[in-house]
Each structure stands twice: as C-alpha cells, then as structure tokens.
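Below, read A as the first sequence line, B as the second, and so on, with proteins coming before strands; counting in each chain starts at 1. Nothing here was measured: the structure is a model prediction, and the numbers come from that model.
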Number of protein chains: 2
Amino acid sequence: MNDTENILETLRQRQFRITPQREMIIDALLSGEHHLSAEDVYAQVQTRTSAVNIATIYRTLDMLVEQGIASRTDLGGQVIYAPVGHGPHIHLVCRHCSFVIDADATVLAALDEQLQRDYGFAADLGHISLFGVCTGCKE
Amino acid sequence: MNDTENILETLRQRQFRITPQREMIIDALLSGEHHLSAEDVYAQVQTRTSAVNIATIYRTLDMLVEQGIASRTDLGGQVIYAPVGHGPHIHLVCRHCSFVIDADATVLAALDEQLQRDYGFAADLGHISLFGVCTGCKE
DNA sequence: ATTTTTGCAAAACCTTTGCATCCCA
DNA sequence: TGGGATGCAAAGGTTTTGCAAAAAT
C-alpha cells in the first residue's frame, strides 16, 4: 500500500467515501516529505485549493491513523504524520537544528527483546522519536 | 543533588532567589511520585497553600529544566517532569492503561553506540518514552 | 534600593466539537 | 435519497505572556 490510488481503494472497500479533500490530503502525506504536521499537510493542500478546512485535515489524518494507513508520532510537542508504507523507523530529532534523521528500526531489535523479557512490555517501536544532537550541531 | 536543600543551595549559588513557591515546587518534584505533570505539581503544592499560581509552576519547572535540575519528557500529549537525580531511565507507557513503568536505561547502551556510529547522532537517552502494551493489558 | 519573582488575566496555541449544509454512493 | 463528510465558528485544554504589585537580596 503505497500510492494514493491504493489507499483510496482500501478506503473505498471499507465504506469510506472518497472526496477531493481526502485525495489531496493523502497525496500530501505521500509527497516525499514524510514528516508532516497537520499544519504542513494543510499548507500543502492549500497550494492546490483553498477550499479545505483545517478541521478536515485533522479529521482525515485521525481516520487514516485509525485505519492503519498513517502513523502519528509525537516529537515532543509537535505531532507528525507519516504513511506507514515507509516501514518502521526511528526519528532522530536534533535539539539544535530540529532536523529529523530517519534511522533504520533494526537497531531496536535487541531493545525490543530485552523489554519483553525484563518488563513484559510489548513496545510499539514502529515510529518512535529520540532527541539528541546531530553531527552538524556538535559545536 | 537529591534533596530540596541541595537544590535550593545550587539555585542560590546561581543567583536565583529562593521563594516559598520554589521550595514547594521542588518538594513536590522530589516527593516520591516521579511522573508529575505541571498540573500534578500544582495540585500537590495546593495541598499546602492555595497561594500559588499555575503560571509560577510552569515558569519554575522551565527554569529547573534549564538549570539541569529537572527533566522534561513528552509522553505523547502529556508532559511530565522529574528530578534528574533519579538517573536516566526509560518511561514505558502503556497504550491501554496509561501506566508508566520505569525501565532501567542500561538497556539503551547498545542503541546509543549504534546511533553514534551509524548516524553520528548523540541521542539524549536520559529520559525517553516508549509506547506499547504492558503485561496486564495484553488481553 | 534594586531586581527578580509572582499573581492575575488575557492571549496564544493547537486540536476538537456541534451543527447546518453539502455531496458521495 | 440518505448518511457520511465538510465548513464554519466556537469551545476546549494546556501553556505562555505582559504588566503591575510583591518579595527577595
């Protein structure tokens, strides 16, 4: 599931109605930039038409997350959305420049096991965020 | 640095003024419960006196974080504060019951190394949050 | 006496909600 | 046509801010 048509078809099958707004919001989500806040999606959709309301953005993004089509990550105050098609990864958020590096999630496999064993905790490591300082910002 | 007097002394040395409000806020932070939202701190301080404003709570907590005395963690929407004296640990937040398990941070040592090596990223692993499902909630 | 800190209230911020209208199926 | 989706505006919750008064040094 990775391009707009596929997602729309999935939604159709699940009895959701396909509206121009939803198409544009999904397009925005899939548009390369994959760390989009609701506000970012709103801005991107507005370049195509001003006839979309911010409430619709929020409602649609929520729906997409509920349907397992998008993920929702809290970057310490800012909430970002991404298509799950990207697969699991870690957001490395730089405290200085706010740049977000996507790290491969395989680095978490060992941690996952350990948390299961020691705490019986099934961590959702699909889209987590870690804060720190990136190479460029280590003054 | 772990009890109220030590922290107050530190603040005094750094030219901060010691007010009853600050004493009570620090007391609250150190009071066993170590996952306190600003609202929690406010509630706890109010059991002692009603003469403290919520704005003061926010301002003082911010100051304590800036001074490296408290940590600030975003639990997906809710922000919690803790004294750094607790040492680094992971917050395992259950998606179902919202219970927070404190996990030992040593499980992150390997991850830390890997992020340094592969991404040049110096992760701040002092107080991170992971979401998932705890033992009790695995229906 | 000076400067920080506080309280108060208002504002800012992001997100949600109620309801009438619209429009997809 | 019927019910879900939208737009609008208002409300919601949390956090921040401006300013005068109060308190700490």
Side-chain angles (χ1 to χ4, degrees), chain A residues 4-5 7-28 35-46 48-67 69-70 72-81 98, chain B residues 4-5 7-29 35-46 48-67 69-81 98:
Chain A
T4 308
E5 267 315 317
I7 294 176
L8 290 177
E9 188 48 42
T10 302
L11 292 179
R12 232 186 300 267
Q13 283 168 11
R14 298 182 191 171
Q15 318 297 334
F16 287 94
R17 298 189 174 173
I18 307 308
T19 64
Q21 289 88 337
R22 287 181 170 171
E23 289 188 40
M24 287 187 285
I25 290 166
I26 293 166
D27 274 350
H35 300 115
L36 295 164
S37 65
E39 209 60 54
D40 291 336
V41 174
Y42 184 50
Q44 196 163 325
V45 168
Q46 282 210 317
R48 296 170 62 180
T49 174
S50 56
V52 178
N53 193 274
I54 185 77
T56 301
I57 306 283
Y58 279 106
R59 282 188 283 229
T60 301
L61 289 173
D62 283 353
M63 181 270 284
L64 293 174
V65 171
E66 271 171 28
Q67 295 302 311
I69 290 164
R72 180 193 173 108
T73 310
D74 200 302
L75 296 188
Q78 213 198 10
V79 176
I80 59 168
Y81 297 85
S98 298
Chain B
T4 308
E5 266 316 317
I7 294 176
L8 291 177
E9 188 48 43
T10 303
L11 291 179
R12 232 186 300 267
Q13 283 168 11
R14 297 183 192 171
Q15 319 296 334
F16 287 95
R17 295 185 179 179
I18 307 308
T19 64
Q21 290 89 336
R22 286 180 170 171
E23 288 187 41
M24 288 186 284
I25 290 167
I26 293 166
D27 274 350
L29 252 195
H35 300 117
L36 296 163
S37 65
E39 210 60 54
D40 291 336
V41 173
Y42 184 49
Q44 195 163 327
V45 167
Q46 282 209 316
R48 296 170 62 180
T49 174
S50 56
V52 178
N53 194 274
I54 186 76
T56 302
I57 306 284
Y58 280 106
R59 282 188 283 228
T60 302
L61 288 173
D62 283 354
M63 181 270 282
L64 292 174
V65 171
E66 270 171 29
Q67 294 303 311
I69 290 164
S71 69
R72 179 194 175 110
T73 311
D74 199 302
L75 297 188
Q78 214 200 10
V79 176
I80 59 169
Y81 297 85
S98 297

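The only member of A:Val45, A:Ile57, A:Thr56, A:Thr4 that meets side chain to side chain contact (heavy atoms under 4.5 Å, CB included) when paired with A:Met24 is A:Val45.
Among residues two or more places apart in sequence or in another chain, the side-chain hydrogen bond (donor to acceptor under 3.5 Å, both in side chains) test is passed with A:Gln67 by A:Arg14.
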Report, one pair per line, the protein and nucleotides 23-25 of chain C atoms (nitrogen or oxygen only) whose separation is under 3.5 Å.
unit_1	atom_1	unit_2	atom_2	d
C:dC24	O3'	A:Ile18	O	3.4
C:dC24	O2	A:Arg17	NH1	2.9
C:dA25	OP1	A:Ile18	N	3.1

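Distance B:Leu11 CG to C:dT4 P: 15 Å, rounded to the nearest Å. When rounded to the nearest whole Å, the span between CD1 of A:Ile57 and C1' of C:dT16 equals 15 Å. Going from atom CZ of B:Arg22 over to atom P of D:dA23 covers 15 Å, rounded to whole Å. Remark: P of D:dT6 and CD of A:Gln46 are 15 Å apart, rounded to the nearest angstrom.
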Side chain to side chain contact (heavy atoms under 4.5 Å, CB included) between A:Val41 and A:Tyr58: does it pass, once the steps are laid out? CA-CA 10 Å; A:Val41 174; A:Tyr58 279 106; over 6 Å; no
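With contacts defined as side-chain heavy-atom distances shorter than 4.5 Å, the pair A:Ile69/A:Leu11 qualifies.
A pairwise comparison of heavy atoms in A:Ala28 and A:Gln44 identifies CA-NE2, 3.6 Å as the closest pair. Heavy-atom minimum distance, A:Tyr42 versus A:Asn53: CE1-C, 4.1 Å. Between A:Gln21 and A:Ala51, the closest heavy-atom pair is NE2-O, 4.3 Å.
Here the straight-line distance linking atom CZ of A:Arg72 with atom CD of A:Glu66 works out to 10.0 Å at 0.5 Å rounding.
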Contact letters for nucleotides 8-20 of chain D, in which S counts primed atoms plus P, OP1 and OP2 and B counts the base, heavy atoms under 4.0 Å: B-----SSBBB--
